[in-house]
Amino acid sequence: MFNPMQKFKNKDLKKEESNTKVTRAVYLISTAIIIAALAIFLYYHPLDDIRTMQSANSTNIENNGDDSGRLIATSTNAESNGTSEKTNNAKSTGIGGGNIVGDSRAGKKDLPIYCVKTDEKKVALSFDAAWGAEDTLDILNILDKYNVKVTFFMTGGWVKEYPDMVKEIYTRGHDLGNHSEKHKQMSKLSEAEQIQEISSVDAKIKEITGYDCFLFRPPYGDYNSTLIKTTYGINHYPIQWDVDSLDWKDYGVSNIIKTVTQHKALGNGSIILMHNGAKYTAEALETVITSLQEQGYTLVPISQLIVKENFHMDGTGRQIAD
């Protein structure tokens, strides 16, 4: 016998079952979303990073305010049991994740060191060594004559071809700088390739002299923000120049002398670019040195010119102590 009430009961049961299924589906979807969100969060913020962020206030670290998301130390000292000691949390204090404390960013770009702000009347001579070594001993002898120490930036190929010259430069007390393994355009390389280009030269120089390189000059002066962070990340200072001698253009001795000593950018903290393999450099060097000294400049290697930590950059690439 047909029972109309039973029909309504069946509809209610079906509706209830449908609602239950929807509820279960919503619950499962919500749970999946929560789990996925947690997994993503932990992927990008490992527990060590979370602990680092939680302890930031205790080590006096704050966000630098730019879009890189880097943490910049406002002080290199952390109070511990009443004494000051340097923080060793490289990941949160160093540029690019290294140990060098400072800020390489000016505006929207990370910059290498073109020159240094200083009240002292000092400049740095530097020589790129990527081809040839015929005039290198003459250059070293002239530098010795005036008791001037400089910085030589060497490629891996040059180091391999002239190991005895690398030893000679080191023995005479000059900076040994890194100029990449194969003189490539570093901005075209991945971060891993950039590291390889720098690290391989470090290893060669270390094997020959025992010296640990910490200065890097990109070939052609070519760089991007990735390279600057990569360089600092492996505890090297990226070095450019603000005075180019143009010796590589082979314009002649007098042109080199005039270009350097009357350069519009020449001033306290300038970094001067020369090449050991250029045709007229050795012949022009003595007059370059004496002319700079007559202007009152003391010539120092780049390692003694730059600010080692607690610095920032202005828009021209000038390094400024904090």
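A donor-acceptor distance shorter than 3.5 angstrom exists from the side chain of Asp247 to the backbone of His275, with no hydrogens or angles considered. Here the side chain of Glu286 pairs no donor or acceptor atom with the backbone of Ile142 at under 3.5 angstrom. Looking at Trp158, its side chain does come within 3.5 Å of a backbone N or O of Gly132 through a donor-acceptor pair. One N or O on the side chain of Ser225 and one on the backbone of Asp110 form a donor-acceptor pair closer than 3.5 Å. A side-chain donor-acceptor contact under 3.5 Å links Asp314 to the backbone of Gly317. Side-chain atoms of Asn178 never come within 3.5 Å of backbone atoms of Phe214 as a donor-acceptor pair (strictly under, hydrogens ignored). With hydrogens and angles ignored, the 3.5 Å screen pairs no side-chain donor or acceptor of Thr118 with any backbone N or O of Gly269. The main-chain N or O of Asp103 is never found under 3.5 Å from a side-chain atom of His312 such that the two would form a donor-acceptor pair. A donor-acceptor contact shorter than 3.5 Å links the side chain of Asp222 to the backbone of Met186.
A side-chain N or O of Ser270 and one of Asp242 form a donor-acceptor pair less than 3.5 Å apart. Under the 3.5 Å distance criterion, with hydrogens and angles disregarded, a donor-acceptor pair is assigned to the side chains of Thr151 and Asp175.
Here the side chains of Ser126 and Ile302 are in contact, with some heavy-atom distance below 4.5 Å. At a threshold of 4.5 Å between non-hydrogen side-chain atoms, the residues Leu285 and Leu125 count as touching. Contact annotation: the side chain of Thr287 never approaches that of Ile256 to less than 4.5 Å [non-hydrogen atoms, C-beta and beyond]. Contact check for Val201 versus Cys213: no side-chain heavy atoms found under the 4.5 Å cut-off. Residues Ile257 and Tyr280 form no side-chain contact, since every pair of their non-hydrogen atoms from C-beta on lies 4.5 Å or further apart. In this structure, the side chains of Leu266 and Tyr297 come closer than 4.5 Å at one or more pairs of heavy atoms. Between Leu176 and Thr209, some side-chain heavy-atom pair lies under the 4.5 Å cut-off.
In the displayed structure, Lys160 atom NZ is contacted under 6.0 Å by at most 12 heavy atoms of other residues, nucleotides or ligands. Few gaps surround NZ on Lys149; more than 12 heavy atoms of other groups in view lie less than 6.0 Å from it. Annotation: Glu207, atom CD; neighbour count of heavy atoms from other residues, nucleotides and ligands within 6.0 Å does not exceed 12. Counting non-hydrogen atoms of neighbouring residues, nucleotides and ligands closer than 6.0 angstrom, the CD atom of Gln295 exceeds 12 such neighbours.
Using the six-membered ring where Trp is involved, His183 and His179 have ring planes that are perpendicular, over 60° apart on the 30 and 60° scheme. Classification of the Tyr237-Tyr232 ring pair by plane angle, with boundaries at 30° and 60°, yields perpendicular.
Not counting sequence neighbours, the partners of Tyr211 by the ring-ring contact (aromatic ring centres under 6.0 Å, His included) test are Tyr170.
Both the sub-6.0 Å distance and the 45° axial angle are not jointly satisfied by Lys117 relative to the ring of Phe311.
Once rounded to the nearest 0.5 Å, the distance linking OG of Ser199 with CZ of Phe216 reads 10.0 Å.
Within the structure, salt bridge (charged side-chain N to carboxylate O under 4.0 Å, His left out) contacts touching residues 179-198 (residues at least two apart or in different chains) are Glu181-Lys204.
One hydrophobic cluster holds both Val288 and Leu137 under the rule that ILVMFWY side chains link at heavy-atom gaps under 4.5 Å.
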